[in-house]
Colleague: 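Shown below is the structure under consideration.
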2 protein chains.
Amino acid sequence: MAGTTKTIGAVERAFDIVEALERLESAGASAVAEELSLSKSTAYTHLHTLHEQGYLHKTDGEYRLSGQFLRLGTTVQQGYPVYRHGRAHVEELADRTGERANLVVEERGKGTCVHAANASGRTDGAMIRGERRHMHATATGKALLAHLPAERVDEIVETHGLPSFTDHTITSREELESELAEIRETGIAIDAEESIDGLRCLAAPILVEGTAYGSVSVSGPAREFADPERDAELSEAVRKAANVIELDFVFE
Amino acid sequence: MAGTTKTIGAVERAFDIVEALERLESAGASAVAEELSLSKSTAYTHLHTLHEQGYLHKTDGEYRLSGQFLRLGTTVQQGYPVYRHGRAHVEELADRTGERANLVVEERGKGTCVHAANASGRTDGAMIRGERRHMHATATGKALLAHLPAERVDEIVETHGLPSFTDHTITSREELESELAEIRETGIAIDAEESIDGLRCLAAPILVEGTAYGSVSVSGPAREFADPERDAELSEAVRKAANVIELDFVFE
DNA sequence: ATACCTTTTCATCGATAGTGAACGTGCTGG
DNA sequence: CCAGCACGTTCACTATCGATGAAAAGGTAT
């Protein structure tokens, strides 16, 4: 099980460099070598290779990730069925509520943000496209977990554990189970400052024939959601959006 | 100039596989090996490596590009100054005109789409995020070429040539020069079905202190733009959008 | 002109990426 | 129900090729 098979070092290094460039924004061979403790010539050959392949471009002698990654990302995004069916509805949700709205799928045991729409322009703490977060600590993640097969949930918890991010993060298996049961009843998953202090999030699963294809959410400052009426209003909006997306799936 | 330096084969192969997966949507080791004429075990080891790195995920025994590419793409997008300053204005342009609006930068001698907004939902022929097109055959490309240093234009034409895509594509250097001069005068670049039959596009450069940071455009079916009044109206809207973005740059 | 950066090139050597054959498994069709 | 097929996966082997340090080539500021 523990994937002992050989991996290709050069490829790992190449992606390490890509990630280093993501962090550094732009850098030359020396800076990359420094950042990753590689020999200057190794860094150079890798950068040269990636450049020739079109994945980097050079400005003022420094390398940057090129639009090829944007193209790949766009293709990936459009490959998610939930994106094709949900995109417009998520944007509408954001407009209607005036809050940040997200569309999330499960991938490799984590919640991956497939689309994000913000009416307010605020982005503090909210997920950005492609970002992965632990499922047990997010509303969207819990909405998905609540409708995944039990064995898959086991697997996910085993792989990623239940790390704590704030004082409110769920850290025990029992607590998680009872919360998932509640989510199945109410149809709404709540992240009450469990992943980030001050951030509240409400999510609903997108269920088609019993399978969870993703989840939708709105999120914003916990203070603003404090009012129970506002909370109920937003819950309803989220549930409704999920429902509309489900219908979109059916009338493919 | 001709980059004779050694490149790393394993890395090239890895990206070939990524691109193959982009085309195939999802595939197993055998399918990838077939597609790229690799030995099954080589394809397997590469897929395994990319999977371990988190760049692929497995569903029903088939590999797919993962959200990591979406994350990288998002980072790249947000790294373009023109995106940060122009995003909102491009969306407004699309809303106001009811047409598709694009934001483009020059990268490696081609026009790379940094953001695309469509009010209509139509996407036929329009650029998608990250897509690269020849500059001489697109309105956005020509708007940029018109304000690039002459030597850079030479370089670009030398590297990529002036390939023809429709009956209206510019294919001679002189024709291009005179058109660029006209663009500098009018402030508007026109793609009259030069890259794709039936597609018309109007673009304006985003100039800050004489440097072209990118270009904005609207595009749609050539028929709809036929009316000279509509054309003038759209030209004005595009020019105005470019101007607003330029101002956004200045008041950073 | 000098010193100190950088990027780029080169020859060398040991690790490793690619290979084909073999194993295990799940499916399909006879 | 079994045979056969195709797939993913593993393995041992070896030529290849990626990593390396040193040094050349280019650039900039002192």
Side-chain angles (χ1 to χ4, degrees), chain A residues 1-21 24-66 108 149 151-152 155 159, chain B residues 1-21 23-66 108 149 151-152 155:
Chain A
M1 185 86 262
T4 328
T5 329
K6 241 181 16 181
T7 55
I8 298 162
V11 173
E12 291 174 335
R13 214 152 299 142
F15 277 94
D16 286 348
I17 288 177
V18 166
E19 282 169 23
L21 281 174
L24 300 171
E25 287 264 317
S26 98
S30 302
V32 170
E34 171 77 12
E35 172 84 6
L36 300 173
S37 320
L38 298 171
S39 86
K40 236 189 319 188
S41 29
T42 302
Y44 173 74
T45 317
H46 273 275
L47 289 166
H48 181 73
T49 303
L50 291 167
H51 183 240
E52 286 263 301
Q53 293 272 107
Y55 285 93
L56 304 180
H57 64 122
K58 239 174 169 172
T59 27
D60 315 312
E62 301 228 305
Y63 295 96
R64 297 175 155 269
L65 302 184
S66 85
R108 305 190 51 122
E151 320 86 60
R152 183 85 188 106
E155 229 176 70
T159 317
Chain B
M1 181 89 257
T4 327
T5 327
K6 242 183 13 180
T7 55
I8 297 160
V11 173
E12 291 174 335
R13 215 152 298 144
F15 278 94
D16 286 348
I17 288 176
V18 167
E19 283 169 21
L21 281 174
R23 285 192 301 276
L24 300 170
E25 287 266 313
S26 99
S30 302
V32 170
E34 171 78 12
E35 172 84 5
L36 300 173
S37 321
L38 299 171
S39 86
K40 227 188 346 175
S41 33
T42 301
Y44 175 74
T45 317
H46 273 274
L47 288 167
H48 182 72
T49 304
L50 290 168
H51 183 239
E52 287 263 300
Q53 292 273 107
Y55 286 93
L56 303 181
H57 64 121
K58 240 174 168 173
T59 27
D60 314 311
E62 304 228 302
Y63 294 96
R64 297 175 154 270
L65 301 184
S66 85
R108 301 190 54 122
E151 321 85 62
R152 183 86 187 104
E155 227 176 71

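Only this structure's heavy atoms are used, side chains among them; waters, hydrogens and symmetry mates stay out. Chain A is the first sequence line, chain B the second, and so forth, proteins listed ahead of strands; every chain is numbered from 1.
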Colleague: Determine: side-chain N/O of A:Thr5 to OP1/OP2 of D:dT10, distance under 4.0 Å, yes or no.
Modeller: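 A:Thr5 to D:dT10 OP1/OP2: side-chain N or O found under 4.0 Å.
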Colleague: Separation of B:Lys6 atom NZ from C:dC13 atom C1', in whole Å?
Modeller: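 Distance check: B:Lys6 NZ to C:dC13 C1' gives 11 Å.
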Colleague: Starting at atom CD of B:Glu12, determine the distance to atom P of C:dA17, rounded to an integer number of angstrom.
Modeller: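 From B:Glu12 CD to C:dA17 P: 15 Å.
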Colleague: Between A:Thr45 and A:Thr42, do the side chains contain a donor N or O and an acceptor N or O under 3.5 Å apart?
Modeller: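 Side chains of A:Thr42 and A:Thr45: no pair found under 3.5 Å.
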Colleague: Just compare C:dG18, D:dT20, C:dT9 and give me whichever is closest to any side-chain atom of A:Tyr44.
Modeller: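 Closest nucleotide among those given: C:dT9.
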Colleague: Would you kindly give the NE2-to-P distance between B:His46 and C:dT16, to the nearest whole Å?
Modeller: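 After rounding, the gap between these two atoms is 15 Å.
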Colleague: Any non-hydrogen side-chain atom of A:Asp16 less than 4.5 Å from a side-chain atom of B:Gln53?
Modeller: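 Of all side-chain heavy-atom pairs linking B:Gln53 with A:Asp16, at least one is under 4.5 Å.
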Colleague: Between B:Val11 and A:Ala10, what is the shortest heavy-atom contact and its length?
Modeller: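 Shortest heavy-atom separation between B:Val11 and A:Ala10 comes out as CG2-O, 3.7 Å.
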Colleague: May I ask you to list the residues of residues 28-41 of chain B, by number, that have any heavy atom positioned under 4.0 Å from an atom of DNA chain C?
Modeller: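 Contacting residues: B:Ser39, B:Ser41.
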Colleague: What is the distance, to the nearest angstrom, from the NE2 atom on A:His48 to the C1' atom on D:dA19?
Modeller: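 Atom-to-atom, A:His48 to D:dA19, this comes out as 16 Å.
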Colleague: Quick check on D:dT9: is either OP1 or OP2 less than 4.0 Å from any side-chain nitrogen or oxygen of B:Lys58?
Modeller: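 Yes.
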Colleague: In whole Å, I'd like the distance from the CD1 atom of A:Ile8 to the P atom of D:dC17.
Modeller: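 It works out to 14 Å between those atoms.
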Colleague: Between B:Arg23 and B:Glu35, does at least one N-O distance fall below 4.0 Å, as a salt bridge requires?
Modeller: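 Salt bridge: yes.
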Colleague: For B:Tyr55 and B:Thr49: C-alpha separation, side-chain torsions, deciding distance, then whether side-chain contact (heavy atoms from CB on, under 4.5 Å) applies.
Modeller: CA-CA 9 Å; B:Tyr55 286 93; B:Thr49 304; over 6 Å; no
Colleague: If I compare all heavy atoms of B:Gly54 with all of A:Arg108, which pair ends up nearest, and what's the gap?
Modeller: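 Here B:Gly54 and A:Arg108 meet closest at CA-NH1, 3.8 Å.
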Colleague: Looking at D:dA12, C:dT8, D:dA19, which one has an atom nearest to any side-chain atom of A:Tyr63?
Modeller: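 Between D:dA12, C:dT8, D:dA19, the one nearest the side chain of A:Tyr63 would be C:dT8.
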Colleague: With respect to B:Thr7, which candidate in A:His48, A:His51, A:His46 satisfies the side chain to side chain contact (heavy atoms under 4.5 Å, CB included) definition?
Modeller: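 Only one option passes, and that is A:His48.
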Colleague: Between atom CG in B:Leu47 and atom C1' in D:dT10, what is the gap in whole Å?
Modeller: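 In whole Å, D:dT10 C1' and B:Leu47 CG are 15 Å from each other.
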Colleague: By the 4.0 Å heavy-atom rule, please label B:Thr49 as base, sugar-phosphate, or nothing.
Modeller: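 Here B:Thr49 touches no strand at all.
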Colleague: What's the CD-P distance between B:Glu62 and D:dT9, to the nearest Å?
Modeller: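 B:Glu62 atom CD is separated from D:dT9 atom P by 12 Å.
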Colleague: Take the protein atom CG of B:Asp60 and the nucleotide atom P of C:dC27, then report the distance between them rounded to whole Å.
Modeller: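 So the CG-P distance, B:Asp60 to C:dC27, works out to 12 Å.
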